[in-house]
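Note sheet for the following structure.
Counting starts at 1 for both ligands and their atoms, in listed order. Just so we're clear, the structure is a prediction, and the values are computed from it rather than from any experiment. Index from 1, following the sequence.
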Amino acid sequence: MASKEPIIITEKDEMRKWTRTMRAQGHTIGFVPTMGYLHEGHLSLIQEAYKHTDIIVVSIYVNPGQFSPNEDLSTYPSDFQGDFQKLKSVGNGVDVVFCPNNLYDYGNSQTGNGSERNQEKVLSCVEDKGMGHETWVRVENLEKGLCGKSRPVFFRGVATVVTKLFNIVEPDVAVFGKKDYQQWKIIQRMVRDLEFGIKVIGSEIVREVDGLAMSSRNVKLSPENRQRALSISRALSISKFQAEKGQVNCRELINPAIQLISEAGGRVDYAEIVEQESLEPVETIERPVVFCVAAWFGEVRLVDNMEIRIN
Ligand code: AMP
């Protein structure tokens, strides 16, 4: 469906002013933060946001604060023109695309402007003392497990940039994908603990027809690894099916899943069944849980999960 042309805003002051003007006119603002290279998963969050608000802001910002120096910040895929076309044609359209240059540059750098430095030298803002950024938001327990084990600064970067974006965009509702389950729960907890007046919604995972969870990183998979990576969603589906049939012993679900992914050529970072709110591992399924997996296929680290409820 063809629809409206989004306004592109790059300045944070302009973004904040725009939201305040819209709110003064009686509108409610939905917000979908992304790192770009958009796919149907991202677009589904916009559709979800429309169920709650009448105006939608989408941000596109690859956040250096969540990447370690050895991670894929510099090669993270981007295609602004492609993204813009998708945002133009999604459902009821999008009102604003907010794409700030550098949210860690406060205009006091010694050399060049912040965005140049960000593109050329900065591997992650964590490493760049010159940026002068030193305030971080940590969700202390939820950030420790699952992805937090192998990516120790990841969630403080996520929580911090989402705080920044919330303070700039000032939305009523923000929508996150359950694809990044731990991220969704961390943002929910942060919003509760820090009294943000924002409703956080978790939206269902969108998959390719063959089951692979959509991700901007999928484009970096070789055709062979793309095929092998299907083992993740297969392993999760089998486990969910077994659990719903009565297998509540988590070891009996996790071990075959690891085996299936490993035999397909994946390197499992973690495979854990955790309680849905605390994200604490469980041994026996008694309450709603989520089976979370991260695995490497070649140079690409993929995450996926499935919620499991038994009656
Ligand atoms: P990203 O651009 O990867 O940072 O993702 C931006 C938002 O889109 C996050 O809330 C993700 O959880 C969400 N997202 C990414 N992939 C999917 C997917 N396949 N289904 C639903 N949401 C997704």
Side-chain angles (χ1 to χ4, degrees), residues 30-52 56-67 71-73 75-80 82-84 86-87 90-91 94 97-100 103 124 142 146-147 151 154-166 169 171 173-191 198-221 226 229-230 232-233 236-237 279 290 292-294 300-307:
F31 179 44
V32 177
T34 81
M35 298 208 298
Y37 212 75
L38 303 179
H39 50 68
E40 288 297 323
H42 296 113
L43 303 184
S44 73
L45 306 185
I46 297 168
Q47 309 281 21
E48 178 63 33
Y50 263 119
K51 295 181 189 162
H52 308 271
I56 306 294
V57 177
V58 173
S59 64
I60 297 181
Y61 181 63
V62 181
N63 171 34
Q66 68 194 55
F67 287 82
E71 292 181 336
D72 60 351
L73 171 63
T75 59
Y76 196 84
S78 75
D79 173 18
F80 183 76
D83 289 348
F84 192 72
K86 287 176 191 153
L87 293 176
V90 62
V94 164
V97 186
F98 178 50
C99 26
L103 288 177
S124 91
L142 283 182
L146 301 173
C147 287
R151 305 188 74 190
F154 177 64
F155 287 117
R156 77 165 199 180
V158 169
T160 302
V161 81
V162 171
T163 297
K164 282 170 170 282
L165 289 166
F166 281 179
V169 177
V173 170
V175 184
F176 291 82
K178 290 190 185 180
K179 152 90 167 27
D180 302 284
Y181 204 90
Q182 188 175 14
Q183 170 173 286
W184 167 47
K185 290 291 165 178
I186 282 176
I187 299 302
Q188 259 189 343
R189 189 66 59 95
M190 177 188 90
V191 160
I198 297 170
K199 183 171 180 188
V200 175
I201 311 270
S203 194
E204 297 304 323
I205 300 177
V206 177
R207 298 179 179 280
E208 304 284 358
V209 278
D210 58 12
L212 184 69
M214 289 191 183
S215 164
S216 305
R217 288 188 167 95
N218 290 351
V219 69
K220 294 168 78 182
L221 290 165
R226 164 77 181 68
L230 293 177
I232 301 181
S233 53
L236 289 171
S237 300
L279 304 184
V290 54
C292 298
V293 170
V300 186
R301 182 177 180 277
L302 299 175
V303 294
D304 197 353
N305 66 78
M306 276 186 202
E307 292 177 318

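Checking side-chain atoms of Asp180 against main-chain N and O of Gln183 turns up no donor-acceptor pair under 3.5 Å.
Between the choices Tyr37, Tyr76, Phe176, Tyr181, the shortest heavy-atom distance to atom 3 (O) of ligand 1 belongs to Tyr76. Summarising the contacts of atom 5 (O) of ligand 1 with Lys178, Glu40, His42, the nearest heavy atom is found in His42.
More than 12 non-hydrogen atoms from other residues, nucleotides or ligands lie less than 6.0 angstrom from NZ of Lys220.
Under the side-chain hydrogen bond (donor to acceptor under 3.5 Å, both in side chains) criterion, Asp304 pairs with Arg207, sequence neighbours left out. Qualifying side-chain hydrogen bond (donor to acceptor under 3.5 Å, both in side chains) partners for Glu48, counting only residues two or more places apart in sequence or in other chains: Lys51, His52.
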request  = Quick one: do Ser215 and Lys179 satisfy side chain to side chain contact (heavy atoms under 4.5 Å, CB included)? Show the steps, please.
outcome  = CA-CA 9 Å; Ser215 164; Lys179 152 90 167 27; 4.0 Å; yes
Original post:
Can you check salt bridge (Lys or Arg N to Asp or Glu O under 4.0 Å) on Arg226 and Asp210, steps first, answer last?
Top reply: CA-CA 11 Å; Arg226 164 77 181 68; Asp210 58 12; 3.0 Å; yes
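Listed by number with element, the atoms of ligand 1 under 4.0 angstrom from any heavy atom of Leu45 are 7 (C), 8 (O), 10 (O), 13 (C), 22 (N). Of all atoms in ligand 1, numbered sequentially from 1 with element shown, those under 4.0 Å from a heavy atom of Glu204 are 20 (N), 21 (C). Residue contact check: Gly177 has heavy atoms under 4.0 Å from atoms 9 (C), 10 (O), 11 (C), 12 (O), 13 (C), 22 (N) of ligand 1. Numbered from 1 in the order shown, with element, the atoms of ligand 1 that lie under 4.0 Å from a heavy atom of Ile205 read 20 (N), 21 (C).
Judged by the shortest distance from any of its heavy atoms, Gln183 lies inside the 4.0 Å radius around the atoms of ligand 1. Residue Arg207 places every heavy atom at 4.0 Å or more from ligand 1. Within the 4.0 Å heavy-atom shell around ligand 1 one finds His39.
A side-chain contact (heavy atoms from CB on, under 4.5 Å) with Tyr181 is found for exactly one of Leu146, Ile186, Val290, namely Val290.
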